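Everything numeric in this text was worked out from a predicted model, so none of it was measured.
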Amino acid sequence: MRTNMNAILLAAGLFAAVPAAAQTYDPRYPVCIEVYTIDGNTIDCSFMSMAQCTATASGQAAQCYANPYVVQSRQPGLGPSPPRRNR
């Protein structure tokens with residue numbers, strides 16, 4: 001009986017192990033495209049500009065948009081600097 005229970009638990013564990021999906025939004029690129037097809041839609045975040053994306057989307061059922069997960073690089077001289085700490 002115990003062997004049967006272990007076999008059932010092992011089988012359930014194997015079926016529950018699902019491979020992780022790849023990250024859709026690449027944070028290195030600021031623009032994404034979503035292409036719509038009969039089989040579904042795909043998202044590709046590999047564009048450096050909106051113009052580059054719209055050129056790719058031309059003639060397709062597609063939409064370009066800003067990547068919601070883009071990493072903003074902090075450039076010196078732009079925006080407020082963090083407060084200085086006195087010692």
Side-chain angles (χ1 to χ4, degrees):
M1 179 78 169
R2 184 176 184 148
T3 304
N4 288 343
M5 182 60 88
N6 287 339
I8 291 170
L9 289 174
L10 177 64
L14 291 174
F15 286 115
V18 178
Q23 182 177 351
T24 301
Y25 297 97
D26 189 342
R28 296 174 294 170
Y29 297 98
V31 180
C32 300
I33 186 171
E34 187 166 4
V35 181
Y36 305 99
T37 63
I38 294 173
D39 299 330
N41 57 351
T42 57
I43 297 172
D44 176 19
C45 295
S46 61
F47 298 97
M48 293 304 291
S49 69
M50 192 63 75
Q52 181 186 24
C53 180
T54 53
T56 302
S58 178
Q60 299 185 60
Q63 164 183 340
C64 296
Y65 57 92
N67 185 348
Y69 298 101
V70 70
V71 175
Q72 299 293 330
S73 62
R74 194 170 166 306
Q75 297 177 357
L78 299 177
S81 61
R84 294 187 155 221
R85 294 173 49 183
N86 294 331
R87 295 184 183 206

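Heavy-atom minimum distance, Cys45 versus Asn67: CB-ND2, 4.0 Å. Nearest approach of Val31 to Ser49, heavy atoms of both residues: CG2-C, 3.6 Å. Across every non-hydrogen atom of Met48 and Arg28, the tightest pair is SD-O, 4.5 Å. Of all heavy-atom pairs spanning Tyr65 and Ile43, the tightest one is OH-CG2, 3.4 Å.
Ring geometry for Tyr69 versus Tyr25: interplanar angle of 30 to 60°, hence tilted.
No donor-acceptor distance shorter than 3.5 angstrom exists from the side chain of Ser58 to the backbone of Ala55, with no hydrogens or angles considered. Side chain of Asn41 to main chain of Glu34: no donor-acceptor pair is present (N/O by atom type, distance under 3.5 Å, no hydrogens or angles).
Partners of Gln60 according to the side-chain contact (heavy atoms from CB on, under 4.5 Å) rule, which considers only residues two or more places apart in sequence or in another chain, are Val35, Thr56, Ala62. By the side chain to side chain donor-acceptor pair (under 3.5 Å) test, Gln52 is found to be paired with no residue, residues two or more places apart in sequence or in another chain being considered.
Of the inter-residue distances, the one linking Thr54 atom OG1 with Ile33 atom CD1 reads 8.5 Å to the nearest 0.5 angstrom.
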Discussion item. Would Cys53 and Cys64 count as a disulfide bond (SG atoms under 2.5 Å apart) here? Give the steps.
Written reply: CA-CA 6 Å; Cys53 180; Cys64 296; 2.1 Å; yes
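Neither side chain, Thr37 nor Asp39, offers a donor N or O lying under 3.5 Å from an acceptor on the other.
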